[in-house]
2 protein chains.
Amino acid sequence: MSVRHTGVTTAATIGPVVSCGEEHEDCGIREVLDRLGDKWSVLVVVELAQGIRRFRQLQRAVPGISQRMLTLTVRRLERDGLVSRTVHPTVPPQVEYELTPMGHSLTHLVKTLADWSAEHRDPIARARREWDAEHPGSGIR
Amino acid sequence: MSVRHTGVTTAATIGPVVSCGEEHEDCGIREVLDRLGDKWSVLVVVELAQGIRRFRQLQRAVPGISQRMLTLTVRRLERDGLVSRTVHPTVPPQVEYELTPMGHSLTHLVKTLADWSAEHRDPIARARREWDAEHPGSGIR
DNA sequence: CAGTATCCTTAATGATACTG
DNA sequence: CAGTATCATTAAGGATACTG
């Protein structure tokens, strides 16, 4: 409830405006971004959206992720209640990861993210090329 | 924009889940997250969603941000075509920042993010407390 | 297989001083 | 006011070796 629509017409602003009001500086958005904003969480969530996966399966499905980072990523997702971890005491050991209901609700958000990304990918790439051309050696990236 | 809630999604079935297929490993989502995932971008965007802001205004509106990080943040947003920067050659200098149309479209995404955050803030906090209680000294955070 | 434990490199952020 | 330039500090991520 930390974000409200306001009809603020401070400038020539048309359309819905996001506002945090005075309660918190960040509407709590940062708590989500602190999880999704890292390098691997979204990729793991997307893979788990397809179904239950074992550790090695996940690692193969997310090319480039190290064993260490996969462990850290699934642990943090588990800690947040987004992923469940089930250990089968077999030999060799078998551990299954699965999205929780809350984790599944997250996939809708990720889809929104993906849609926006797809829609603005090209414009952003173009803006970057133009900016870089106009600001050579700026060091900004 | 419209996020569809499908209720219980059995993981093994072909549902309206997020899929990247084989085209890219990340659906391009990472490109957005690489910008929004940092510590300050979202906060700056949220503030600019209220209207045009000058540099110092922005800094006061985003408590805790350093001059350096504000500069880096607005430069990167400008580079991506999300924010426009207008310099008025006055004394003292006056520089105005404003969301571009693409920047405004971003605020819809941020709102979706904020909504999800607000809705799951408490469950996540509870999940963390429980996990931490069950895994003392794990080092995970 | 599913991890831990170390060590190392790089990226991100912060603090401070200075300038047109 | 609106920055830049430096230096210091953390945090994130990667490489590799080892284990129940």
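Proteins come first, then strands; the chains are lettered A, B, ... in the order of their sequence lines, and each starts at number 1.
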Identify, between Arg76(A) and Glu96(B), the residue whose nearest nucleotide on DNA chain D lies closer to the 5' end.
Glu96(B)

Is the closest side-chain heavy-atom distance between Arg35(A) and Glu31(A) below 4.5 Å?
no

How long is the straight-line distance from CD1 of Ile65(A) back to CD of Gln67(A), given to the nearest 0.5 Å?
10.5 Å

Span of DNA chain D engaged by chain A, first through last nucleotide within the 4.0 Å heavy-atom cut-off, is dG13(D) to dG20(D)

Base, sugar-phosphate or nothing for Ser66(B)? Non-hydrogen atoms, less than 4.0 Å.
nothing

Do Leu58(A) and Glu47(A) pass the side-chain contact (heavy atoms from CB on, under 4.5 Å) test, and can you show the C-alpha distance, the side-chain angles, and the key distance before you say yes or no?
CA-CA 7 Å; Leu58(A) 266 180; Glu47(A) 178 60 24; 3.6 Å; yes

Identity of whatever pairs with dG20(C) - Watson-Crick or G-U, under 3.5 angstrom:
dC1(D)

What is the distance, rounded to the nearest whole Å, between atom CE of Met69(B) and atom P of dA11(C)?
15 Å

Gln67(A) CD - dC7(C) C1' separation (whole Å):
16 Å

Distance in angstrom units between Arg141(A) CZ and dT10(C) C1', rounded
17 Å

dT6(D) -> Watson-Crick or G-U wobble partner, both distances under 3.5 Å, gives dA15(C)

Heavy atoms only, 4.0 Å cut-off, all strands: where does Arg54(A) land among base, sugar-phosphate and nothing?
sugar-phosphate

Value in whole Å for how far the P atom of dA5(C) lies from CD1 of Ile140(B):
10 Å

dA12(C) P sits how many Å from Arg68(B) CZ, rounded?
11 Å

Would you compute the distance between atom CZ of Arg76(A) and atom OG of Ser41(A) and round it to the nearest 0.5 angstrom?
6.5 Å

Show, in sequence, the C-alpha distance, side-chain angles and deciding distance for Leu106(B) and Val45(B), and conclude whether the side-chain contact (heavy atoms from CB on, under 4.5 Å) test is met.
CA-CA 8 Å; Leu106(B) 183 61; Val45(B) 167; 4.1 Å; yes

If you measure from the Lys or Arg side-chain nitrogens to the Asp or Glu carboxylate oxygens, is any gap between Glu96(B) and Arg53(B) under 4.0 Å?
no

